[in-house]
Amino acid sequence: MRLILLGAPGAGKGTVAKMLTALDGSVQISTGDILRGAVKEGTELGKKAKGFMDAGDLVPDDLILDIMGERLLEDDCKAGFLLDGFPRTIPQAEALKGMLSKLGIELDAAVNLDVAREIILDRLTTRRTCSNSACQEIYNTKSKPSKVEGVCDKCGSPTIQRDDETEEAISKRLDTFNEQTAPLVGFYKQEGLLLDVNATSSDTVVAAIKAKVGL
Ligand code: AMP
């Protein structure tokens, strides 16, 4: 399947993407994960992106479009892809449309994961992520704790609270989302691609997507 996952930080895009990859071999492409990897490795991209990320701001479109222009050409995308956290601005959505049309690829849907702000705030402040960039398993101190506190069940690395998951940065990220990313819902509605789902439970979201793509 070829999907865009739209939704505020904490709406569950990453969790849903991981559940969907298991269904048909589509690959999850998370610009956030790519950027965090670059920051950790200290690459030029990482150095340019870190300040924006820590402040809860968006990284400039040109950097993101360079990443995605290359990523979509990789072989693993042939089986399908789930775009998690991209596009995040109207210019990114326009650029993606151009890239896909050049590649002759059609999207199945742009899925809008709709969740109330209070639920999101609670989810993000209690979220913990595996610090191993090859793993990045997501936990939640309330709803999905690791078996041993602070240690990833899958790979044994420490689980951490992300730098951009302090209350101040979360509040900024939600404002950024409302200003710059929420308008994409209208964009994809106009494109005839929008699938709106109540995202309080990931299982419900996955069921709605399966029905949409005929799995
Ligand atoms: P995420 O893990 O998707 O919440 O992304 C973490 C941070 O990476 C965001 O708060 C942004 O600073 C940056 N980021 C990720 N994807 C994008 C994007 N498509 N455009 C701009 N910035 C992005």
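The first residue of the sequence shown is numbered 1, and numbering continues consecutively from there. Counting starts at 1 for both ligands and their atoms, following the listed order.
Residues Thr126 and Asn140 bring a donor and an acceptor atom of their side chains to less than 3.5 Å of each other. Side-chain contact of Thr200 with Asn198: a donor-acceptor pair under 3.5 Å is present, judged by distance alone.
Of the candidates Met68, Arg88, Lys13, it is Arg88 that places a heavy atom closest to atom 18 (C) of ligand 1. For atom 12 (O) of ligand 1, the nearest non-hydrogen atom from the set Leu58, Ile34, Asp57 comes from Asp57.
Counting only heavy atoms from C-beta outward, the side chains of Thr129 and Arg36 never approach each other to under 4.5 Å. You'll find the side chain of Pro9 reaches within 4.5 Å of the side chain of Leu124, heavy atoms only. Taking the side chain as every heavy atom from C-beta outward, Val27 and Arg71 approach each other to under 4.5 Å.
Ligand 1 is approached by Arg162 to a heavy-atom distance shorter than 4.0 Å. A heavy-atom separation below 4.0 Å is found between Arg36 and ligand 1.
With a heavy-atom cut-off of 4.0 Å, Leu35 touches ligand 1 through its side chain alone.
Counting atoms of ligand 1 from 1 in the listed order, those under 4.0 Å from a heavy atom of Ile64 are 17 (C), 18 (C), 19 (N), 20 (N), 21 (C), 22 (N), 23 (C). Near Thr31, meaning under 4.0 Å from one of its heavy atoms, ligand 1 places the atoms 15 (C), 16 (N), 17 (C), 19 (N). Within the listing of ligand 1, atoms 18 (C), 19 (N), 20 (N), 21 (C) sit less than 4.0 angstrom from a heavy atom of Gln92.
Residue-to-ligand polar distances place Gly85 within reach of ligand 1: an N/O pair is separated by less than 3.5 Å.
Under 4.0 Å is where a charged nitrogen must lie from a carboxylate oxygen, and between Lys144 and Glu137 at least one such pair does.
Counting only distance, with no hydrogens or angles, the side chain of Ser171 and the backbone of Glu167 share no donor-acceptor pair below 3.5 Å.
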Problem set entry | Derivation of the side chain to side chain donor-acceptor pair (under 3.5 Å) call for Asp24 and Ser26 | CA-CA 6 Å; Asp24 73 347; Ser26 300; 2.6 Å; yes

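With hydrogens left out, the protein atom closest to atom 22 (N) of ligand 1 is Val59 N, 3.0 Å, a heavy atom. In terms of protein heavy-atom proximity, atom 10 (O) of ligand 1 is closest to Arg173 NE, 3.8 Å.
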